[in-house]
Amino acid sequence: MDWGLKSRMADIVRPEDGRAVMLAVDHGYFLGPTERLEDPAAAVGPLLEHCDSLMVTRGVLRNCVDAARRVPVVLRVSGGASIVGADLSDERITTSVKEAVRLNASAVAMSVFVGARHEHQTIAGLGRLVNEAEEYGIPVLAVTAVGKEMARDARYLSLACRIAAEQGARIVKTYYCEGFEKVAGSCPVPVIIAGGKKIPEADALRLAADAVAAGAAGVDMGRNIWQSDSPVPMIKAVRSIVHGGAGAGEAYSEHLGGPAA
Ligand code: R5P
């Protein structure tokens, strides 16, 4: 791995412990003004100091994130579909690697839709993005299993994550599932998990703790942080699990006040 790539990877997966707390706020690229992310600047500002990196589109980055805060950026560069459109898998690269360089991104991210209608387009697109981004020492994060084309079980998620890594993704984001050891254990690059739809805080913390115990390098969590009534305590709790080795109950009582429900 060359120096630039290694240095950017260290922005995302902390070298001290090999773990990552990525804050996901890229949802608007296909969901529009998602609940509690209507004003991204207000939602994201107080959370920035508690994440290792921020996953974001160029539009929100340019307009809603203070460049002086210097948070490592994982720039979503794919899009082209919406929640009200015909096919979520119909994504292409929409943001150039040149733009990622201009925006000082530490990584670029795109979705691959294994098993979906546009499987070929997105997997081949991942290979091309890796070719181009690595010319500039920029690692690619592949996002797997968005949408619900196939059951999100260990068999499917292992398949999707492994394919993404084989194409050259340096980090893979997926979902937690029963038997997650198989997903993490058969993927040669760090795997981080999305939080998914908002669930009670105690459950989301359990999800993070279970994922890390099963081999995840950390989280790329969005809605379970900024849709919480206590977003800052929530991200601190997640951080204490990922980086501090806290259990879910311990993290809940320390940051969210009292024993978990
Ligand atoms: C989904 O495609 C987006 O890329 C989100 O970044 C991802 O789902 C993680 O956010 P959440 O924890 O809200 O699921």
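The structure displayed is predicted, hence computed values, not measured ones. First listed ligand is number 1; within each ligand, the first listed atom is number 1.
- Rounding to the nearest 0.5 Å gives a distance of 4.5 Å between CD1 of Ile192 and CG of Asp220.
- In this structure, CG on Leu159 lies 11.5 Å from SG on Cys187, to the nearest 0.5 angstrom.
- In summary, the side chains of Thr34 and Arg36 do not present any donor paired with an acceptor at a separation below 3.5 Å, with no hydrogens or angles considered.
- Glu201 and Ser228 share a side-chain donor-acceptor pair at under 3.5 Å.
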task = Applying side chain to side chain contact (heavy atoms under 4.5 Å, CB included), run through Val13 and Asp52 and close with a yes or a no.
result = CA-CA 8 Å; Val13 180; Asp52 297 322; over 6 Å; no
I'd like the atom pairs linking ligand 1 to the protein - N or O on both sides, separation under 3.5 Å - with distances to 0.1 Å.
{"from": "ligand 1", "atom 1": "4 (O)", "to": "Asp26", "atom 2": "OD1", "distance (Å)": "3.3"}
{"from": "ligand 1", "atom 1": "4 (O)", "to": "Asp26", "atom 2": "OD2", "distance (Å)": "2.6"}
{"from": "ligand 1", "atom 1": "4 (O)", "to": "Arg76", "atom 2": "NH2", "distance (Å)": "3.0"}
{"from": "ligand 1", "atom 1": "4 (O)", "to": "Lys173", "atom 2": "NZ", "distance (Å)": "3.1"}
{"from": "ligand 1", "atom 1": "6 (O)", "to": "Asp26", "atom 2": "OD1", "distance (Å)": "2.5"}
{"from": "ligand 1", "atom 1": "6 (O)", "to": "Lys173", "atom 2": "NZ", "distance (Å)": "2.8"}
{"from": "ligand 1", "atom 1": "10 (O)", "to": "His27", "atom 2": "NE2", "distance (Å)": "3.0"}
{"from": "ligand 1", "atom 1": "12 (O)", "to": "Gly195", "atom 2": "N", "distance (Å)": "2.9"}
{"from": "ligand 1", "atom 1": "12 (O)", "to": "Gly196", "atom 2": "N", "distance (Å)": "3.4"}
{"from": "ligand 1", "atom 1": "12 (O)", "to": "Gly222", "atom 2": "N", "distance (Å)": "2.8"}
{"from": "ligand 1", "atom 1": "13 (O)", "to": "His27", "atom 2": "NE2", "distance (Å)": "2.7"}
{"from": "ligand 1", "atom 1": "13 (O)", "to": "Arg223", "atom 2": "N", "distance (Å)": "2.9"}
{"from": "ligand 1", "atom 1": "13 (O)", "to": "Arg223", "atom 2": "NE", "distance (Å)": "2.8"}
{"from": "ligand 1", "atom 1": "14 (O)", "to": "Gly196", "atom 2": "N", "distance (Å)": "2.9"}
{"from": "ligand 1", "atom 1": "14 (O)", "to": "Arg223", "atom 2": "NH2", "distance (Å)": "2.8"}

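- In the hydrophobic cluster analysis, where Ile, Leu, Val, Met, Phe, Trp and Tyr join through side-chain heavy atoms closer than 4.5 angstrom, Ile123 is grouped apart from Val189.
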